[in-house]
Structures are given as structure tokens and as C-alpha cells.
Amino acid sequence: MSEIAITLPDGSSRSLNAGATGADLALSIGAGLARAALVIEVDGAAADLSAPLPDGAQIRIITDRDSEALEHLRHSTAHVMAQAVLELWPGATFAGGPPIEDGFYYDFELPGSGSFADEDLLRIDEKMRQIISADQPFERFELPLDAALQLMADHPYKRVFMELAAAGEEADGEVGSGTEISFYRNTDEFVDMCRGPHVPSTGRLGHFKLTRHGGAYFRGSELNPMLQRIYAAAFASKKDLAAHLHRQEEAAKRDHRKLGVELDLFSFPEEIGSGLAVFHPKGGIIRRLMEDYSRVRHEQADYEFVYSPHITKSNLFETSGHLQWFADGMFPPMEIDHDHNHADSDSDSAVDADSAVDTGASGEGGLAVIEPVQGTGTQYYLKPMNCPFHILIFKSRQRSYRELPLRMFEFGTVYRYEKSGVVHGLTRVRGMTQDDAHIFTTKEQMGAELGSILTFVLDLLRDYGLDDFYLELSTKPEKKAVGTDEEWDEATEALRAAATAMDIDLVMDPGGGAFYGPKISVQARDAIGRTWQMSTIQVDFQLPQRFEMTYIGNDGEKHRPIMIHRALFGSVERFFAVLVEHYAGAFPAWLSPVQAKILPVSEAHADYAHEVAAELRGAGFRVEVADADETLGNRIRRAKGEKLPFVLVVGESDVEHRTVGVNPRGNEVERDVPLASFVDRLAAQVASKK
RNA sequence: GCCCGAGUAGCUCAGUUGGCAGAGCAGCUGUCUUGUAAACAGCAGGUCGUCAGUUCAAUUCUGACCUCGGGCUCCA
């Protein structure tokens, strides 16, 4: 029998009998390794342990200690879930089931367009554990396309994947790239089409939890049927799974919607409408501080402040292209009926105005009914974006190259008609305020301006406590886009150059740009590692053309400016939500609605408590006093629940020595702190923005 | 918009197989006057999301709508 030679990662080589598999190799190294081995890498490509090893290959054995193993454990567990569901629901079919971050999902179609109930997850879990106990092997086999299609005769979605792959199209990773279609057989009853590899047998799995279920369009398109998806978390060990579930619980505690109620920051009264928030006084303080500081920084960065109305005639959004490209995202128009009075009466308008007042005041049935007149009025729209208004400010007079870059800033409130299923707390609303700016530059200035904007953005975000970023570059959308490829390329390259100069990770988002131009978005990681899309910076050649914007260059000729759109917070509402979750409601002193709460030990110390409060207020701090009509312990508990930076307790000795007892958030209690030194300390903390 | 689920007091949640709705916390009033995370007593608080339908009777059953939650799509 001939032999083959393989090389291991440490550079050593081994000889094995021809036809030897990864499992044989692992066993030849050690029984422990053989037990731990899950899959192998053959020349860098993952493969089954049961696959015969090619001569001369570089082999790496993957165990559950290797990070790559997780993907395979999750993928294999997904197969077990599919087997369980298909056994429990005869007649069900399945589509795709990939590993994802923290786990996996699988899409199913249940007989009779059924869907999963919460309790079903328990049944499926139980069945999965039976399959795992049975330690079924994952046996790979391959078939030519026509035989494969026949094998999956009852599973139309699998056939779609095969046909896509056969046509050379993207098949969502469900089918391998070879000419043969690969399958894995667990039992005679259960075979799943899969590119593999898989762990050797189901017995190697088990640290998973089915977490959620919901609808999901086949291949992510709303034109396709809706399938039923089950999500699960899966890890290599019980400990890792428990840690993940714990992290989820901790994240849930930070949910800004929950903290918004608990800390009395904002609400969404049903009477107003979905996705429309009101900010309560405490939330209002935070929001005002966020905005105030932003204004100061923008002023320093040479932005000019402008204001614009919330509604406009439709012409403006026709010119801008919004009605052509963005109408789905806009509230329907209001019809303002200019012609009504004329239709009613041919007399002159002065008489009309008088008679209208008379009718309203004296009519027996109340106000006169105004009949709608079709098609003769003017349509007004709530604005979904601020850009056209700023353009009109630019165009209000002739502009010189000496004025550029011209930076216009506005906290501009916009309204977008978000689909009913997507509204979500403050992160996805229908009315929001953008910290919006539009910068008009010459082509030559654009690159430098983009660089300074990015620096400005990152600096400002750091002041709000976010300091872990990456950048995303979104390019031309395939369907909805205006402008030539050349313009898009030029704008995209300018953004790319600015981004790469930042020394921060840059990831591509192909086709993710707005209809009028490419964008860079700044993604920030919060205190528990979640990423949020914050700022966006977009280059726009289109709107200056559509609005025929010009400036006079130093050559005396008219030139077209370039426009840069940017928002740092994204929206004030979303940024507010991110800060709530980032700080878990425990805002740093500079943003905290109440920086210190003063608790007199008893009524005898009330005067001094109010004196302390007055002094702190005089020093510019936000404080409250909790009078002694409850026990001190209870007042402390309640104050702590408000997540304030400081609780101050003042009693007999404090009155005597003009001191305070300081109970700082997250630290030990300190007694007999001189009031003056506490003032300095709080001032320093506020100034540091920590 | 689509698939699922849920709406009971300010908050968190019980409950009614159709017969006048309950707790804890919060609120109010009183007593207590407190040195670092829950003093005591009393009072008040709900068209049981909205509107229809079935019924002698609907918070409970049916339907539509509204709002919220999870998922898809979309997005600042």
C-alpha cells in the first residue's frame, strides 16, 4: 500500500497510508486530539474529518478551541434543528440555515402556511437533544445536478439554490462551487443539501439555545414568499453559551425604551402617533446639553447657523428629486386649496375674506363646510430632508469663491413616513431632528474639507464618550441613483481618500449610498461592544446641478459648487438613544439631568441642605433636595435608582463644619468632605466630560 | 408593508371556563425625624387599547382598527 505525506502547522510532516482521513491523522497524533477534532483544514480550506487526505497537503486539525470551530459547530447544529423540525412537522420544507454571529438560523415553510409558536421552540429543542444523544454521523455524498434535484423533489427552496448555483449565480452559500451537489445524510430519513463541512457526528454538539422565531422572506426579498425562521445561539461550551445569554440580559437592561420610562426621559404618547416622541423635562435637559455643546463646537469649526421651515410646496422636492426618488419615505402631501374662494364666488377677495368670517361666526351649524376642490390647489409636503432649504439660502444671492467652503448648520426637524413595522424606540422614528449641515465647496477644496469633517466628527463623538470607531463606505445603489458613473466614481474616491487618511478600519458597503451620492458612515462601538451607525458624510454632485447652483470664481466665471451633506449625531433622537444605552442611563456629570441630590439626615438639617443646594446651583450645577419625610435609607435607595453622579448626605456634623457626606455613583461613601472641595471636584468632573 | 405575539392602575404583573376587577411599587394624607440601598397607617387610582358584532349580560367570545414587542425588508 502506498503512502502519502502531509505537513502540519508546526512544519512537521507525517506519512500516512493512502486513503487516510483527517480522523486517521488525528488518531495517529493522539487519542485526545482524535476526540477533540471537529473538522480539518486542507491547504487552508475546511473539510470533513472523514475526507481522504490528498498527498502533500498542508493540514490543520480544528478543535473546539479554535475560533473557526464555532462556525462549523453552529452550522452542524442548524442541521440538527432542521432535522428536528422536519420530523415534528411532516410536510414541512426548509430553505437555508447558515451560521451567524453568536449562533445560527434556519428558514422553514410549514404545511398549511403555518408558523411557529413560542412553545414550539421547546418541542424542537427537546427533539434536537434526542438527535444529539443518538450521535448520528454526518455522512457526505455528492450527486450530479439532475439526481440532486430529484433527491430534493419535495423541497422547492433547496432546488432554487441548486438552480441558482448551476446558473452561476449567488446561491447564498448554500451550494458548493463544484459540478456535483454535496449532501449530508444523518439518517435514512434526513438528508440536507450542504456544502459542508460538518463535525463528525451530532454527539459533538449541544451548547445551544433556540432564542427567537419570526417571518423572513426567502432570500431576503419581499417579492419572495415569507418563510418561518428560527434563531438560536450556539457555542463551544456551556460556559460560553451562559456568558452569551448573560450579555443579552445585560444589554436588555440598557434598552433605552425601558430606561426612558424608568428615568422619565421621554415617551411616545399613542395620541400623537407612532414614531413621534416627546421629551420630558429630564430628557429635555440631556438633549439640550447635547445640542448646546454641539452648537459650540460647530461655531468653533466655522459653521454658520441657519433655520428653515418644516413644510414646503411640492416644487422644491420636485426640483431636488425627492418626489421622484424618496416619495415612499415621505408623508403624503397636504392640499392647500388656493382656488376654493374663487370657485365659491367671483367677487373680489376682500369681500370673500369678510364673508368667510361672517359665515364662521353666525352659521347655525357651526363652521361652514369647505368643499374640497380637486386638482386646483397647491401641494405642501413635510420635509424629509433639509438640503433643499440650505441650497435656497445659498442661492439667495450671488456667491463668491471667497465664501467657500460655506458651511450651513441647522438642527433641522424632518419627517419620514417609516413603514409601520420598522418604527423602534428613538432609533427609528417618524419625526426627528438632524444635526444637519451642508457644506458648499469648490472641487479643489473638497478633499481637504472631507478630511477635516471626519476629524471634526470623530473628535466630537469622543467628547460624548464614544471612542471605538470604524468607517463604512457606501457606493452607488444599483437601482435608485441619479448621475453618471464618472461623477459617482469621483465622489467615491474623494471619500475613500479621506477615510483612509483617518487610520481607522474601513469596510465597504456596495450599493448602500443615497440616491444622490456615496457616503461614509461612522460606526461606533458602545460600552458593551454593539455597533451603531452614527454620522454620515455624503458627497453630492447632483443637487447643485438640479438647482443650478453657481459661484463666481477668481476667473470671473460661474462655477458649480460641490455639496457635502453631513450629520454627526445622525439624528438627535437616535444619538440620544445610543447615549442612554452606552451609559446604561448613568450619564456622566456633564450630561446628567441632576448632578447631585442632597439629603438632610433629619428636618433639623433641612436649612443647611437647601443652603448647600443654593451654593451648588450658584456654581452652575443641577441639584435637587430630598427632604426628610422618609427614612434616609429609602431616600438613598431612590436617589441611587435615578443613577445620579452624586448623592450628598448632610447631618449634624456637616452643619457644624460646612461639609457634606459624598456618596458617589459606583464608589465608596466619603464623610466630612468640605463643601468647597466638593464644588471643585464636581466642576472638574463636568469639565472632563467623564 | 409582510409573518408571529401582546395590550388590565403612572410602573411591574395577577385574574375572570361570560355575571359590578386585584397585588406590589409609585402617588396623596397623616404619624415617625432618621448618618448611607425599602419606617408605619390610611386614602385615592382602571369604560380591562378603540370601535363594531354575538349575548339577558362582554374586560373575557368574533371581527376590524390602533399601539407596542420579536423577525424580514427598509433606514438617520
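Values in this document were obtained by computation on a predicted structure and should not be read as measured data. Labels below follow one simple rule: chain letters A, B, ... track the order of the sequence lines, proteins then strands, and each chain is numbered from 1.
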Quickly work out the [X] [atom1] to [N] [atom2] distance and round it to whole Å.
X	N	atom1	atom2	result
L599(A)	A37(B)	CG	P	12 Å
R428(A)	C72(B)	CZ	P	13 Å
K419(A)	C68(B)	NZ	C1'	20 Å
E472(A)	C75(B)	CD	P	12 Å
K258(A)	C68(B)	NZ	P	19 Å
H213(A)	G69(B)	NE2	C1'	12 Å
E410(A)	A76(B)	CD	P	18 Å
W532(A)	A76(B)	CH2	P	16 Å

Roughly how far apart, to the nearest Å, are [N] and [M] at atom [atom1]?
N	M	atom1	answer
C56(B)	A64(B)	P	24 Å
G42(B)	C25(B)	P	12 Å
G49(B)	G19(B)	P	16 Å
C75(B)	A58(B)	P	48 Å
C13(B)	A21(B)	P	23 Å
U59(B)	U55(B)	C1'	15 Å

Using only modelled atom types and a 3.5 angstrom limit, is any donor from either the side chain of [X] or the base of [N] paired with an acceptor on the other?
X	N	value
D118(A)	G5(B)	no
R219(A)	C72(B)	no
R257(A)	G69(B)	no
Y231(A)	G70(B)	no
R229(A)	C3(B)	no

Candidates [options] - which lies nearest the side chain of [X]:
X	options	value
N663(A)	U34(B), U36(B), A37(B)	U36(B)
R212(A)	A76(B), G70(B), G35(B)	G70(B)
A216(A)	C72(B), C3(B), G1(B)	C72(B)
Y217(A)	U36(B), C2(B), U34(B)	C2(B)

- request: Under the ring pair (Phe, Tyr, Trp, His ring centres under 6.0 Å) rule, what do H280(A) and F266(A) come out as? Steps first, then yes or no, please.
  value: CA-CA 5 Å; H280(A) 300 193; F266(A) 58 85; 7.6 Å; no

Are there any protein N/O atoms within less than 3.5 Å of an N/O atom in nucleotides 23-26 of chain B, and if so, which ones and at what distance?
unit_1, atom_1, unit_2, atom_2, d
A26(B), OP1, R638(A), NH1, 3.2
A26(B), O3', R638(A), NH2, 3.4

- prompt: Can you list the steps and then say if R658(A) with E611(A) is a salt bridge (Lys or Arg N to Asp or Glu O under 4.0 Å)?
  reply: CA-CA 10 Å; R658(A) 215 169 165 74; E611(A) 206 180 306; 2.7 Å; yes

Using a 4.0 Å heavy-atom cut-off, does [X] contact any base of the nucleic acid, only the sugar-phosphate backbone, or nothing at all?
X	value
L632(A)	sugar-phosphate
A567(A)	nothing
K519(A)	sugar-phosphate
D654(A)	base
G220(A)	sugar-phosphate
S113(A)	nothing
E418(A)	base
Q533(A)	sugar-phosphate
V414(A)	nothing
G633(A)	sugar-phosphate
G570(A)	sugar-phosphate

- request: Can you establish whether the number of heavy atoms outside E101(A) located under 6.0 Å from its atom CD is more than 12?
  value: no

Check: protein-nucleotides 65-67 of chain B nitrogen or oxygen pairs below 3.5 Å:
unit_1, atom_1, unit_2, atom_2, d
C66(B), O2', E270(A), OE2, 3.4
U67(B), O4', E270(A), OE2, 3.4

message: Applying the ring pair (Phe, Tyr, Trp, His ring centres under 6.0 Å) criterion to W89(A), which one of F116(A), F108(A), F94(A) satisfies it?
response: F116(A)

Check for me whether [X] meets the cation-pi criterion with [Y], that is, NZ or CZ under 6.0 Å from the six-membered ring centre and within 45 degrees of the ring axis.
X	Y	result
R212(A)	Y231(A)	no
R430(A)	Y415(A)	no
R74(A)	F104(A)	no

Distance-only side-chain donor-acceptor flag, [X] / [Y], under 3.5 Å:
X	Y	answer
T413(A)	T433(A)	yes
H213(A)	Q228(A)	no
S308(A)	K383(A)	yes
T659(A)	R671(A)	no
S294(A)	D435(A)	no

- prompt: Considering all heavy atoms of both residues, which atom of L259(A) and which atom of G585(A) are nearest to each other, and what is their separation?
  reply: CD1-N, 3.8 Å

- line: All heavy atoms of M290(A) vs all of Y464(A), minimum pair found to be O-OH, 2.7 Å

query: If you find the nucleotide of RNA chain B closest to V647(A) and the one closest to A514(A), which residue's nucleotide is nearer the 5' end?
result: V647(A)

statement: When G214(A) and A604(A) are each assigned the nearest nucleotide of RNA chain B, the 5'-most assignment goes to A604(A)

- request: Could you provide the dot-bracket string of RNA chain B, using ( ) for intrastrand pairs, [ ] for crossing pairs and | for bases paired to another strand, with Watson-Crick or G-U pairs below 3.5 Å?
  value: (((((((..((((.....[..)))).(((((.......))))).....(((((..]....))))))))))))....

task: Take F305(A) and Y307(A) through the test ring pair (Phe, Tyr, Trp, His ring centres under 6.0 Å) and record every step on the way to the result.
output: CA-CA 7 Å; F305(A) 293 70; Y307(A) 296 87; 8.0 Å; no

message: So, OP1 or OP2 of A39(B): does either fall under 4.0 Å of a side-chain N or O from T631(A)?
response: yes

message: Quick check on C75(B): is either OP1 or OP2 less than 4.0 Å from any side-chain nitrogen or oxygen of H424(A)?
response: no

field: Short N-O contact, D463(A) and R297(A), less than 4.0 angstrom
entry: yes

